[in-house]
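Inspection log for the structure reproduced underneath, given as structure tokens.
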Amino acid sequence: MELTKIREYRKMMQRELFDRMLPFWGNKLDREYGGMPTFLDREGKPFSSDKGVWFQGRVLWTYSYLCNVYGARPEWLEIAKSCKDFMNQHCFDTDGRMYFLVTRDGRPVRKRRYFFSETFYILGNAEYSVATGDKEALQDARRVYDKVVELYENPDSDPFKMPPKYNPEVRPMRGLANVMILLNVTSIMRKCDPENREKYDARSKKYISDLLQYHYNEEYQALFENVGPNGEFIDEPAGRTINPGHSIEACWFLIQEAEAMGLGDDVIEKCLNIFDWSMMHGWDKEYGGIMYFVDIEGRPVEQYEHELKLWWPVSEALIASLKAYTLTKEDKYETWFHTLAEYSFDHFSDPEYGEWVGYLTREGKWQEPVIKSNLYKGLFHVTRMLVMCDHMLADLEAEQEEEE
């Protein structure tokens with residue numbers, strides 16, 4: 001990539017982050033009850049007062065991460081601490097599991113079987129401990145991390161249970177989402193808790209093995225969302241369906257861990273295959289953008305929203321394509337990065353009110369009414385992408401300057 005282009009992209013990433021993304025969120029903190037509002041329209045006005053729990057963990061992680069990359073700022077630390085305190089005070093049930101949705105003042109509304117509220121609590125507290133030196137936050141991250149690992153390994157253990165989504169006596173399955181998020185959580189725990197590196201290295205190797213052994217399928221050229229207990233292909237919609245954005249996100253999680261632990265070239269090759277396959281299946285050749293769900297055999301997809309273009313798959317693909325280019329310097333990954341940047345910034349970024357819109361039609365039009373934030377959409381994916389791409393581009397810039 002040419003030096004001038006690298007510098008242009010760095011300016012674009014920083015402008016989007018500091019001029020559009022963070023100003024949108026900067027004045028949203030709930031100063032009466034704590035935490036961050038979750039449901040916001042295009043202008044940032046609330047359309048529900050309830051608060052998502054994993055959303056609070058994502059905000060905690062994001063602002064702590066910003067402090068650790070760009071230097072601590074009082075306003076960032078205030079937001080992070082408010083979300084951390086809100087979760088500790090309101091978001092744990094008596095069984096140790098976390099809620100999924102609470103009222104504005106923290107009363108429980110909904111609880112789900114998944115452990116994603118817990119994983120984002122872990123990520124946020126671990127990153128916050130680095131930003132502030134708060135040892136209690138790191139202890140909280142360690143405590144919940146150990147419970148989630150136990151839940152993954154022994155889903156029927158008491159009292160921390162996670163019932164199966166499908167009847168295991170009729171259709172036993174293993175899902176991609178759990179193992180890939182644990183891989184990422186373990187990576188961040190290693191970074192934030194280096195004195196326990198051996199423990200995290202061992203867990204990471206386990207998750208990489210599970211992910212590649214069971215979900216990576218060379219015959220179909222796909223990373224499957226749902227497979228049988230031993231990686232068997234399931235010829236039903238749930239088994240045939242791939243989520244290209246999930247696969248791409250898993251790809252860069254794998255690359256990051258393979259680099260951190262010095263794993264062999266065979267793992268890197270599989271990571272690159274996952275990206276190539278996912279873009280082959282997921283990129284909409286007619287309208288651009290990444291399809292939400294795709295049937296590997298081109299048959300009907302059970303998810304009615306499968307044609308929507310969402311903010312997060314392109315965000316993950318920007319990270320993954322730039323990581324792949326940094327590793328290989330292959331032109332195809334540079335081309336994908338250019339293509340993804342052009343599409344995503346042109347279609348999702350809101351120059352008037354800031355932030356990115358959440359949902360596009362297949363043709364690339366904003367889905368009305370515009371949503372900037374809800375239980376799933378927020379500042380997490382886009383902000384992470386902008387910071388990580390800025391960092392990778394800075395490394396490429398330094399390489400180019402050294403060569404010149």
Side-chain angles (χ1 to χ4, degrees), residues 53-54 92-101 108-120 122 144-186 202-247 249-250 253-254 274 277-278 281 292-306 375-376:
V53 174
W54 82 18
F92 282 90
D93 199 353
T94 55
D95 64 357
R97 293 295 307 275
M98 297 187 76
Y99 299 114
F100 178 66
L101 181 68
V109 174
R110 186 180 175 195
K111 188 176 177 182
R112 296 183 75 185
R113 56 183 291 278
Y114 306 108
F115 51 50
F116 300 130
S117 292
E118 287 86 356
T119 55
F120 289 110
I122 298 163
V144 179
Y145 175 82
D146 288 342
K147 287 185 176 181
V148 170
V149 168
E150 175 64 20
L151 187 58
Y152 176 75
E153 296 291 345
N154 301 295
D156 294 327
S157 64
D158 287 321
F160 215 56
K161 289 187 176 181
M162 186 172 73
K165 185 174 182 178
Y166 295 87
N167 184 349
E169 295 180 3
V170 177
R171 187 164 295 154
M173 287 189 186
R174 59 168 68 236
L176 176 64
N178 291 339
V179 67
M180 65 175 278
I181 190 63
L182 273 173
L183 180 63
N184 183 239
V185 170
T186 301
R203 299 311 315 166
S204 182
K205 288 176 183 177
K206 161 68 173 170
Y207 301 139
I208 291 171
S209 175
D210 285 357
L211 200 155
L212 293 178
Q213 179 181 349
Y214 299 120
H215 296 274
Y216 179 90
N217 191 306
E218 291 191 350
E219 178 185 354
Y220 285 94
Q221 296 189 323
L223 192 73
F224 281 113
E225 284 289 306
N226 297 295
V227 294
N230 298 304
E232 302 93 337
F233 175 70
I234 299 171
D235 193 9
E236 292 292 339
R240 293 193 304 266
T241 297
I242 60 171
N243 180 329
H246 243 179
S247 301
E249 188 176 14
F253 288 173
L254 285 163
I274 292 168
W277 298 342
S278 301
H281 295 306
Y292 195 17
F293 295 101
V294 178
D295 186 282
I296 196 66
E297 295 180 348
R299 298 162 76 180
V301 181
E302 64 179 349
Q303 293 88 349
Y304 66 87
E305 71 274 29
H306 66 97
L375 278 172
Y376 307 99

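Computed from a predicted model, the values in this text were never measured in an experiment.
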Taking every non-hydrogen atom, the tightest pair across Phe120 and Ile181: CZ-CD1, 4.2 Å
Partner residues of Glu169 under the side-chain hydrogen bond (donor to acceptor under 3.5 Å, both in side chains) criterion, sequence neighbours left out: none
CG on Leu176 to NE2 on His246, rounded to 0.5 Å: 6.5 Å
Sidechain N-carboxylate O distance under 4.0 Å for Asp95, Lys147: no
CA sep, side-chain torsions, deciding dist, call: Leu254, Leu212, side-chain contact (heavy atoms from CB on, under 4.5 Å): CA-CA 9 Å; Leu254 285 163; Leu212 293 178; 4.1 Å; yes
Residue pair His215 / Asp210: nearest heavy atoms and the distance that separates them: CD2-O, 4.0 Å
Full working for ring-ring contact (aromatic ring centres under 6.0 Å, His included) between Tyr207 and Tyr152: CA-CA 10 Å; Tyr207 301 139; Tyr152 176 75; 5.6 Å; yes
Heavy-atom side-chain proximity of Ile296 to Asn217 below 4.5 angstrom: no
The single option from Tyr99, Trp54, Phe92 passing side-chain contact (heavy atoms from CB on, under 4.5 Å) against Ser117: Trp54
Gap separating the OG1 atom of Thr119 from the CE atom of Met180, nearest 0.5 angstrom: 10.5 Å
Spatial distance of atom OH (Tyr220) from atom CH2 (Trp277) [nearest 0.5 Å]: 13.0 Å
Under 3.5 Å donor-acceptor, Gln213 side chain and Gly231 backbone: no
Flag side-chain contact, heavy atom, 4.5 Å: Phe293 against Ile242: no
Pairwise side-chain contact, Ile274 with Tyr216, heavy-atom cut-off 4.5 Å (strictly under): yes
Side chain proximity check, Glu225 to Thr241, heavy atoms < 4.5 angstrom: no
Heavy-atom side-chain proximity of Val301 to Tyr292 below 4.5 angstrom: no
Validation row: Phe115, Leu182 side chains within 4.5 angstrom (heavy atoms): yes
Close side-chain approach of Val149 and Tyr145, heavy atoms under 4.5 Å: yes
Value rounded to 0.5 Å, distance of CE in Met173 from CD1 in Ile234: 4.0 Å
Arg240 side chain to Phe233 backbone, donor-acceptor under 3.5 Å: no
Residues that Lys205 engages under side-chain hydrogen bond (donor to acceptor under 3.5 Å, both in side chains), provided they are two or more places apart: none
Check: Asp295 main-chain N/O paired with His306 side-chain donor or acceptor under 3.5 Å: no
Closest contact, heavy atoms only, Ser204 versus Leu183: OG-CD1, 3.5 Å
Note, Arg97 side chain near Leu151 side chain (heavy atom, < 4.5 Å): yes
For the student: nearest non-hydrogen atoms of Gly175 and Asn226, plus distance: CA-OD1, 3.9 Å
Reported CD-to-CD distance for the pair Glu236 and Glu302, which is rounded to 0.5 angstrom: 9.5 Å
Any donor-acceptor pair under 3.5 Å from Asn230 side chain to Glu232 backbone: no
Shortest non-hydrogen separation from Arg112 to Tyr114 and the atoms involved: NH2-CE1, 3.0 Å
